[in-house]
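One structure below.
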Amino acid sequence: MTDAPSTDAVAETSDAPSFRYNAALAQDIELRWQAYWDEHKTFESPNPAGPLADAAALEDRGEKLFVLDMFPYPSGSGLHVGHPLGYIGTDTYSRFQRMRGRNVLYSMGFDAFGLPAEQFAVQTGQHPAITTDENIANMRRQLHRLGLSHDKRRSISTTDPAYYRWTQWIFRTIFESWYDVDADKARPIAELVAEFDSGERTLDDGRDWAALSGTEKEQVLADYRLAYVSHAPVNWCPGLGTVVANEEVTADGRSDRGNFPVFKRNMRQWMMRITAYADRLIEDLDVLDWTDAIKTMQRNWIGKSHGATVHFPSAAGPITVFTTRPDTLFGATFMVLAPEHPLVDALTSPEQATAVAAYRDAAAAKKEIDRTDDTKAKTGVFTGGTATNPVTGEEIPVWIADYVLMGYGTGAIMAVPCGDQRDFEFARTYGLAIPAIQQPSSEWFGEHGIEPTTGADTSTWPVAFVGDAPYINSANESGLDLNGLSDVAAGVSTTNDWLEADGHGHATINYKLRDWLFSRQRYWGEPFPVVYDTDGVAHVLPEDQLPVLLPETDSFAPRTFDPNDADTDPESPLDRLDDWVNVTLDLGDGPQPYRRDTNVMPQWAGSCWYELRYLDPTNENRFVDADVERYWMGPRTDERPDHPGGVDLYVGGVEHAVLHLLYARFWHKVLFDLGHVSSKEPYARLYNQGYILADAYKDDREIYVDAFAVEERDGEFFYEGQPVTREWGKMGKSLKNAVSPDEMYDSYGADTLRLYEMSMGPLDQSRPWETRDVVGMYRFLQRFWRNAVDEDTGDLVIADRDPDDETLRLLHRTIDAVGTEMDNLRFNTSIAKLIELNNHVTKLDGVPRSVIETMTLMLAPLAPHVCEELWAKLGHDETLTYEPFPSADPALLVDDMIELPVQVNGKVRGRITVAADAPNDEIEAAALAEDNVARTLDGAAPKKVIVVPGRMVNVVA
RNA sequence: GCCCGGAUGGCGGAAUUGGCAGACGCGGCGGACUCAAAAUCCGUUGUCCUCACGGACGUGUGGGUUCAAGUCCCACUCCGGGCACCA
């Protein structure tokens with residue numbers, strides 16, 4: 001009759017009813033339905049083309065919906081109950097939307113390259129390829145047991161050569177392109193070469209392109225390519241044995257992985273020209289449905305600021321500064337260079353040489369955290385050199401100080417002590433002049449408790465003045481005159497015009513964002529598809545020579561160093577493999593000897609495009625078929641005209657706000673510019689789920705102890721008799737407070753775990769795990785099950801009649817509410833409404849079939865296994881996955897009679913029941929006649945009666 | 001220091017546009033079943049006053065707007081997160 005799995009009584013050790021919904025029965029149901037879904041390929045979603053195409057199914061399914069989780073790295077310790085919070089949310093949403101008729105793409109891959117996997121391998125002595133596969137298998141098992149409705153055909157691992165072949169292909173594509181500033185998009189490098197060849201474009205430095213040697217041409221092109229090798233200051237982390245990106249360095253100058261010190265060193269490394277996209281990465285945030293918090297973080301990281309570039313002539317050549325306040329040039333009485341600035345040597349006078357050298361050494365030795373600590377007093381040294389202020393013509397002293405950072409702007413500033421607090425403090429410390437160039441208001445003086453000063457005198461000022469105020473002492477003989485203006489914006493634009501006209505500078509936009517350091521000196525990553533010829537010129541391998549396989553070796557451990565020894569050099573593990581490094585290849589001009597690049601890509605590479613591979617996971621000709629890509633990722637202008645396209649719902653933790661999410665947007669935009677994808681953004685809607693928190697306990701050595709062995713006595717906590725201190729933390733192995741989902745499956749089953757995690761609170765909020773609370777959802781499922789099934793016989797016990805009016809109305813109100821709540825990812829309130837309905841029908845003498853069927857469908861996205869089981873028991877032959885989600889009858893959402901609270905002076909004194917469409921005067925009369933209202937009024941005539949239709953009545957006495 | 005969030009019973013959390021504060025769950029209390037316990041089920045549960053009817057108080061603090069404020073405005077306190085010598 002049905003191919004749904006059959007129910008067998010579960011043997012019980014106790015005398016509990018054989019068909020009570022308990023952990024054993026739940027497990028039985030869950031394993032059977034998981035097998036059923038696999039066998040029937042229930043969650044496979046059809047593509048419009050290629051091997052996953054299925055025209056009939058596509059016709060059936062309706063509009064596409066791409067739901068995506070941030071994919072995990074396959075950890076060696078497996079999952080704890082905190083990991084799947086987001087996955088349960090996306091699974092529930094996906095199941096709900098399938099019932100709403102959408103063609104849902106939902107799968108899960110593994111971000112398996114990178115440091116964690118490599119470190120785990122080093123610890124266990126196993127090759128990372130082996131441990132990674134084992135860990136993936138274990139995580140797949142745990143996720144499968146949770147009942148996640150993934151299309152398993154679409155799962156990928158970034159470590160699979162069939163996957164990273166295309167990661168290398170995208171690298172190749174980026175390498176072979178350049179950013180055309182005029183067209184404001186990336187274009188193939190071949191088109192740039194063609195422009196140089198034809199003379200349409202000439203070299204900036206005036207050289208003749210045609211006269212350059214091949215190597216020289218390559219050097220020119222390298223300055224245009226979006227992936228290039230640079231010799232520049234990078235973040236060297238001896239403790240990890242590799243360089244890391246700016247985004248991977250914490251505010252206190254340490255690696256976010258491993259927490260080792262990071263040092264700035266000049267090194268030859270691969271970079272990606274993400275800065276070319278700075279503006280678009282900011283602008284396109286506007287069309288994304290992301291939280292403002294994440295958008296703000298990305299904007300701050302890119303750090304766009306408007307200002308001016310100004311050149312100060314000096315004996316050592318012009319010193320170029322960036323300033324956001326060119327209007328304060330008249331107040332620039334000295335300059336400050338970062339200690340590492342290249343002009344320092346040339347500017348330093350013989351008398352100051354010793355002091356300058358000593359200061360530079362001290363600055364270099366300082367840890368980043370000390371250098372960027374703005375609470376410390378400012379230090380610096382005079383170089384003995386001077387530069388010319390272009391607006392005043394004055395010779396001003398040039399200092400070096402470590403509060404000026406080489407990594408921002410030009411590494412040099414003009415100091416305006418009257419208008420910048422840092423410069424002010426520096427000038428006070430070293431007795432430099434602080435002439436005023438704006439006249440602050442008397443209020444400003446009042447706020448700082450000093451007598452107003454006029455003119456240049458600032459001797460009594462406690463701080464610099466920042467803001468709008470009339471300019472003074474701000475005119476020169478070459479036609480720049482700000483005096484009389486009092487608006488900073490006007491001052492800035494006037495000054496910029498003058499600077500440009502006189503050739504001293506020009507308006508500029510500066511960014512905090514630096515190019516992305518893309519190479520790592522580790523083993524477990526994607527090899528660069530790059531070789532060097534005997535002249536040292538880099539060649540990217542042609543498509544047909546990809547993938548460049550990561551070579552097999554036993555010596556995959558990185559060379560790491562004393563974490564504090566900055567004077568070390570990175571050594572790539574791949575460097576040791578001479579046979580692999582030295583190759584003879586035919587790149588079109590016959591077999592030639594080459595050396596392979598021995599770097600690997602950062603972990604972020606694989607996660608920059610994985611969502612695209614889900615679409616077409618087995619394609620061997622392209623990273624994704626164009627039609628398939630357009631179907632799943634294309635912009636949806638039916639939703640809104642500026643829809644950017646991309647993933648419809650992307651759920652993950654907030655910790656990737658500027659790492660993965662920035663890099664992935666950058667790659668996607670390059671692919672978009674080159675016509676390889678149809679959406680300008682990868683993730684249209686981003687939702688940040690919260691974390692599961694758990695108490696963690698530390699002993700007096702500050703070491704975490706097993707949280708499950710801690711006892712509480714009178715508000716104090718003890719571990720093995722010793723007092724310990726409690727703190728909040730994310731759940732995790734390192735805090736020794738992790739609860740495994742396997743424990744929950746054993747005690748309650750997956751459906752209960754799913755319901756509990758969804759009921760704890762809003763999905764975007766962090767919440768503390770309480771194992772003892774889980775039983776609430778278990779009891780709910782038991783009650784729900786008992787409403788339909790006889791616990792002793794396992795037979796259906798539904799009532800053979802139509803629901804009463806009250807039940808019917810509650811049912812439809814619940815349908816209405818649950819649909820809306822689920823649409824908005826508010827699963828906690830969906831569950832509350834379903835429990836409310838279930839509690840109501842529990843009191844009935846038997847639940848009508850129509851009610852139990854509707855409830856089963858509504859609960860199915862949240863607790864799919866038990867609902868499938870009931871659905872089958874109710875006589876249905878097929879999975880409920882594609883049953884339409886119940887819809888509410890609008891006529892049943894409005895009641896004939898309604899109860900209204902009656903307030904007297906804002907306090908509820910009684911209730912009246914009136915017809916829903918009763919006129920106001922009738923409601924008013926009923927309200928005043930209510931016993932307790934009348935008593936409260938005590939005969940006094942009401943001053944006013946406010947009737948809020950359908951809501952309430954307020955009597956003003 | 002700057003920018004975002006947030007604060008509601010013993011606990012997690014609910015509350016369209018301002019309109020019955022505390023939905024739902026945990027825990028507590030009382031009861032049923034049981035020799036007993038666990039599990040399960042039923043009832044009850046913001047605090048205080050009252051035998052009761054009922055009343056007073058109550059959404060971090062202090063003001064304000066309003067017939068009516070958890071919700072809006074002003075000023076603060078505390079907590080979480082992000083950024084931070086960014087010129």
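Order of the sequence lines sets the chain letters (A, B, ...), proteins ahead of strands, with each chain counted from 1.
Between A:Arg779 and B:C26, a side-chain N or O to OP1/OP2 separation shorter than 4.0 Å is present. Taking side-chain N and O atoms only, A:Arg951 has no distance below 4.0 Å to OP1 or OP2 of B:A68.
Looking at heavy-atom distances under 4.0 Å, A:Lys907 makes contact with sugar-phosphate atoms alone, never a base. Residue-level contact check: A:Asn510 touches neither bases nor backbone, having no heavy atom under 4.0 Å from any strand.
Look at NZ on A:Lys295: it is 17 Å from C1' on B:G82, rounded to the nearest Å. Protein atom CG of A:Asp292 is 20 Å distant from nucleotide atom P of B:G81, rounded to whole Å. Rounded to a whole Å, the OH atom of A:Tyr778 is 13 Å from the C1' atom of B:A38.
Evaluation of atom-type donor-acceptor distances gives a pair under 3.5 Å for the side chain of A:Lys378 against the base of B:C85. Within 3.5 Å, no donor on the side chain of A:Asp773 pairs with an acceptor on the base of B:C26, nor the reverse.
Straight-line distance between the P atoms of B:G62 and B:C78: roughly 16 Å, to the nearest whole Å.
When ring centroids are compared, A:Phe426 and A:Phe334 come within the 6.0 Å threshold.
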Between the protein and nucleotides 53-55 of chain B, which nitrogen or oxygen pairs come in under 3.5 angstrom?
residue, atom, partner, partner atom, Å
B:G55, OP1, A:Arg909, NH1, 3.0
B:G55, OP1, A:Asn932, ND2, 3.2

